[in-house]
Amino acid sequence: MDVRVTLAEALEKTCTLDKGELMESLEIPPDTGMGDYALPCFKLSKALRKSPQDIAKMLMETIEKPDIIESIQVQGGYLNFFLDRSKFAFETMKSILGADSGYGRQDIGKGRNICIDYSSINIAKPFHIGHLSTTVIGNSLYRIYEFLGFNCIGINHLGDWGTQFGKLIVAFKKWSNKEAIEKDSINVMLQLYIKFHDEAEKDESLDAQARVWFKKIEDGDEEALELFKFFKELTLREVRKVYKLLGIEFDSYDGESFYNDKMQPVIDELRQKNLLTESDGAYVVDLEAYKMPPCLILKADGATLYATRDITAAKYRKETYDFHKALYVVAYQQNLHFAQCFKVIELMGYPWAKDLEHVAFGMVSMEEGTLSTRKGKVVFLEDVLNKAIEKTTEIIKEKSPDLDDKEGVAKMVGVGAVVFSTLLNNRIKDIVFSYDRILNFEGETGPYVQYTHSRCCSLLKKAGIEDFDSDGCEVLNNDEEFALLKLMAAFPDCVEDACMKNEPSLITRMAVNIAQAYNKFYFEHRILDEAENICKARLALSFAVRNIIKDALYLIGLEAPERM
RNA sequence: GCGCCUGUAGCUCAGCAGGAUAGAGCAACGGCCUUCUAAGCCGUAGGCCCGGGGUUCGAAUCCCUGCAGGCGCGCCA
């Protein structure tokens, strides 16, 4: 049931605008006292040569009032509609409770594949807070698209190629050994990385050695390859621990090394299509006509580049997954890079170039300035998560000492706090990392929403009722119940909007809003000790809230503890 | 220099295919636990929506311009 549609249909019969225009014009007044929906009549004024107020009056007199609307008023140039709260409550509860697989779930994406490139970590480099955004945004989009019926392919495009391996091998052979790395791989590798850069400033030959070692990997030298695999496996092992904490899985780990032997045909194709031009010894695709700098495909020494690989990967993904859309969840620093790649693919004559989408997000920095792996200025993601879990454990010890699964709950809540705070704001905003903010568990936070969820759960448990239906939900008509129901009714549109805009924060915000509305309701009204019909309806409402919050949390990658 | 992005309360931000008095949270201050989880609720205080022009019946929202900050602009990814 969509009130907007109902209203637009009723209005269509009485005025010159069509349904689409009316849908767009219909809005929600800033204050409930003004009504629940409003039609501003200013635009009609010119065409009809009447004052907006007269038009509103005329519409009010001629419209056939839909059942769900209780009354219609004219205020200024607005035609204001007031919902019949009881009918609205019943209808809304009916839709929510009737949606077995989740309110807002759809199959509009049925039979369509979505490739999502996210997280995409570098091997042999630490997994730090700079990777948080891409990881959790990508995961959330994955879940949102699947919720709407799409089939997603999550791709962790590993940075598992390049001179950093040469550097690591040099450092490893000079200053470390396998035992040390096995023991504490991430830290030791990071220390080696830092030491290499320190020493390289004093000794220029180190960089040359690194290049030699990388060349050996490329040429398939046995020792080099063995070390390369050793570092890669170790990093993946470490990183999987973090993904496990976050509850994230990937369908593919095909990264840079995977595309090594697939680039030549693409280069040939570019040449064949006359897109490649020589420039200072390198080969580029000229994009001047599109007001972009040239896209570098081959270096003067014949080596491939980032763009070469991404173009190859896009083509491979199209051939392998025949995607409806391919998303790249990568920081906005690479805006130009992706704009160039997409344009080149378009120039190659592939119509699916329009289905490639760069989902850009803001940068993470620290209060003291930019993150720098080379200088060791990093905050490990795992440390952040553990710190959050630790803090949660303390709070549980203090507030819920008799909780059953303390460890499990601490994990859900601690990790949830970190993920939630990353998905609270529009993804384009920069983030200054702060433990204070990320470890705050009050207000617009993950724990707050989870707390609301477990509040509903414990209430339902206490009531001991398992199934609910919308019969009798007409009584949910006080201010708090009405406000809450209006928010819940907007949830499906919110999910669709989040999908369309690739913007998980819309769901995060909605989760907060619903939690706030429920807590307010919960404080103002009693439930279990009310008369039976009221009690039953309010429990049904709590049940519906619990389900929506659980789904909303799921969609942004959080778990929903039943107690906390 | 050129291009893209951001600028709203002390801080972090919603609101931005134009609509009625600009909203949250944090921090501050003051209240509410013998009753369904106080990780909660209520109240107080806090705003030339970066500046200046324009379009419009109406602009935080659209256009132009200036300022501030971030990012990018050929052989890293």
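Residue numbers begin at 1 in each chain, while the letters A, B, ... track the order of the sequences. These numbers come from a predicted model, not from an experiment.
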Nearest whole Å is fine: how far is [N] [atom2] from [X] [atom1]?
{"X": "Phe42(A)", "N": "C57(B)", "atom1": "CZ", "atom2": "P", "result": "12 Å"}
{"X": "Leu506(A)", "N": "G15(B)", "atom1": "CG", "atom2": "C1'", "result": "11 Å"}
{"X": "Phe338(A)", "N": "G3(B)", "atom1": "CZ", "atom2": "P", "result": "23 Å"}
{"X": "Lys343(A)", "N": "G3(B)", "atom1": "NZ", "atom2": "P", "result": "18 Å"}
{"X": "Met412(A)", "N": "A39(B)", "atom1": "CE", "atom2": "P", "result": "18 Å"}
{"X": "Leu44(A)", "N": "G58(B)", "atom1": "CG", "atom2": "P", "result": "17 Å"}
{"X": "His525(A)", "N": "C42(B)", "atom1": "NE2", "atom2": "P", "result": "12 Å"}
{"X": "Asn426(A)", "N": "C16(B)", "atom1": "CG", "atom2": "P", "result": "10 Å"}

What is the nucleic acid contact for [X], judged by heavy atoms within less than 4.0 Å: base, sugar-phosphate only, or nothing?
{"X": "Ala360(A)", "result": "nothing"}
{"X": "Met292(A)", "result": "nothing"}
{"X": "Lys43(A)", "result": "base"}
{"X": "Asn80(A)", "result": "base"}
{"X": "Ile527(A)", "result": "base"}
{"X": "Ile121(A)", "result": "nothing"}
{"X": "Tyr448(A)", "result": "sugar-phosphate"}
{"X": "Glu562(A)", "result": "base"}
{"X": "His453(A)", "result": "nothing"}
{"X": "Ser400(A)", "result": "nothing"}

Compare all side-chain heavy atoms of [X] with those of [Y] and state whether any distance is below 4.5 angstrom.
{"X": "Val512(A)", "Y": "Thr445(A)", "value": "no"}
{"X": "Leu7(A)", "Y": "Leu22(A)", "value": "no"}
{"X": "Phe342(A)", "Y": "His358(A)", "value": "yes"}
{"X": "Arg4(A)", "Y": "Ile28(A)", "value": "yes"}
{"X": "Ile465(A)", "Y": "Leu460(A)", "value": "no"}
{"X": "Ile72(A)", "Y": "Asn80(A)", "value": "no"}

Could you work out the separation of [N] and [M] based on their [atom1] atoms and round it to a whole Å?
{"N": "G15(B)", "M": "C67(B)", "atom1": "C1'", "value": "24 Å"}
{"N": "U55(B)", "M": "C62(B)", "atom1": "C1'", "value": "8 Å"}
{"N": "C13(B)", "M": "C49(B)", "atom1": "C1'", "value": "13 Å"}
{"N": "A24(B)", "M": "U65(B)", "atom1": "C1'", "value": "33 Å"}
{"N": "G70(B)", "M": "C64(B)", "atom1": "P", "value": "24 Å"}
{"N": "C33(B)", "M": "A38(B)", "atom1": "P", "value": "12 Å"}

Q: Identify, between Leu79(A) and Ser458(A), the residue whose nearest nucleotide on RNA chain B lies closer to the 5' end.
A: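 Looking at RNA chain B, the more 5' nearest nucleotide goes with Leu79(A).
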
Q) More 5' along RNA chain B: Phe521(A) or Arg427(A), using each one's nearest nucleotide? A)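 The answer here is Arg427(A).
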
Taking atom [atom1] of [X] as the centre, report whether more than 12 heavy atoms of other residues, nucleotides or ligands fall under 6.0 Å from it.
{"X": "Lys262(A)", "atom1": "NZ", "result": "yes"}
{"X": "Glu278(A)", "atom1": "CD", "result": "yes"}
{"X": "Lys315(A)", "atom1": "NZ", "result": "yes"}
{"X": "Asp31(A)", "atom1": "CG", "result": "yes"}
{"X": "Lys406(A)", "atom1": "NZ", "result": "yes"}

Q. What is the per-nucleotide protein-contact pattern of nucleotides 5-11 of chain B, from the 5' end, where B denotes a base atom under 4.0 Å from a protein heavy atom, S denotes such proximity for sugar-phosphate atoms only, and - denotes neither?
A. SSS----

Q. How does protein reach along nucleotides 22-34 of chain B, written 5' to 3' as B (base within reach of a heavy atom under 4.0 Å), S (only sugar-phosphate), or - (no contact)?
A. --BSS--------

Q. Using the benzene-type ring in the case of Trp, are the ring centres of Phe228(A) and Trp161(A) under 6.0 Å apart?
A.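 Close enough - the centres of the two rings lie under 6.0 Å apart.
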
Q) Is the distance between the ring centroids of Phe196(A) and Tyr193(A) less than 6.0 Å? A)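 No, they do not, as the ring centres are separated by 6.0 Å or more.
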
Q.
With the 90 degree cut-off around zero defining syn, does C29(B) come out syn or anti?
A.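 This nucleotide is in anti.
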
Q: Have a look at A68(B) and give me syn or anti from its glycosidic angle (syn if within 90° of zero).
A: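 That one's anti.
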
(Q) Please give me the minimum heavy-atom distance between Ser45(A) and Lys50(A), naming the atom from each residue. (A)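 Here Ser45(A) and Lys50(A) meet closest at OG-O, 2.8 Å.
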
Q: With the side chain of Met34(A) defined as its heavy atoms from C-beta on, choose the nearest nucleotide among U21(B), A38(B), A14(B).
A: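 Among U21(B), A38(B), A14(B), the one nearest the side chain of Met34(A) is U21(B).
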
Q: Please tell me which of the listed nucleotides, U21(B), C41(B), G72(B), lies nearest to the side chain of Lys520(A)?
A: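 Of the options given, the side chain of Lys520(A) lies nearest C41(B).
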
Q. Using purine N1 to pyrimidine N3 plus N6-O4 or O6-N4 for Watson-Crick, or N1-O2 and O6-N3 for G-U wobble, each under 3.5 Å, what pairs with A68(B)?
A.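 Across all strands, the one nucleotide that pairs with A68(B) is U6(B).
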
Under-3.5 Å N/O pairs linking protein and nucleotides 74-77 of chain B:
| residue | atom | partner | partner atom | Å |
| --- | --- | --- | --- | --- |
| G74(B) | N1 | Ser279(A) | OG | 2.5 |
| G74(B) | N2 | Ser279(A) | O | 3.4 |
| G74(B) | N2 | Ser279(A) | OG | 3.1 |
| C75(B) | O2 | Ala300(A) | N | 2.7 |
| C75(B) | N4 | Asp280(A) | O | 2.9 |
| C76(B) | OP2 | Lys299(A) | NZ | 2.5 |
| A77(B) | OP2 | Tyr306(A) | N | 3.3 |
| A77(B) | O3' | Glu256(A) | OE2 | 2.1 |

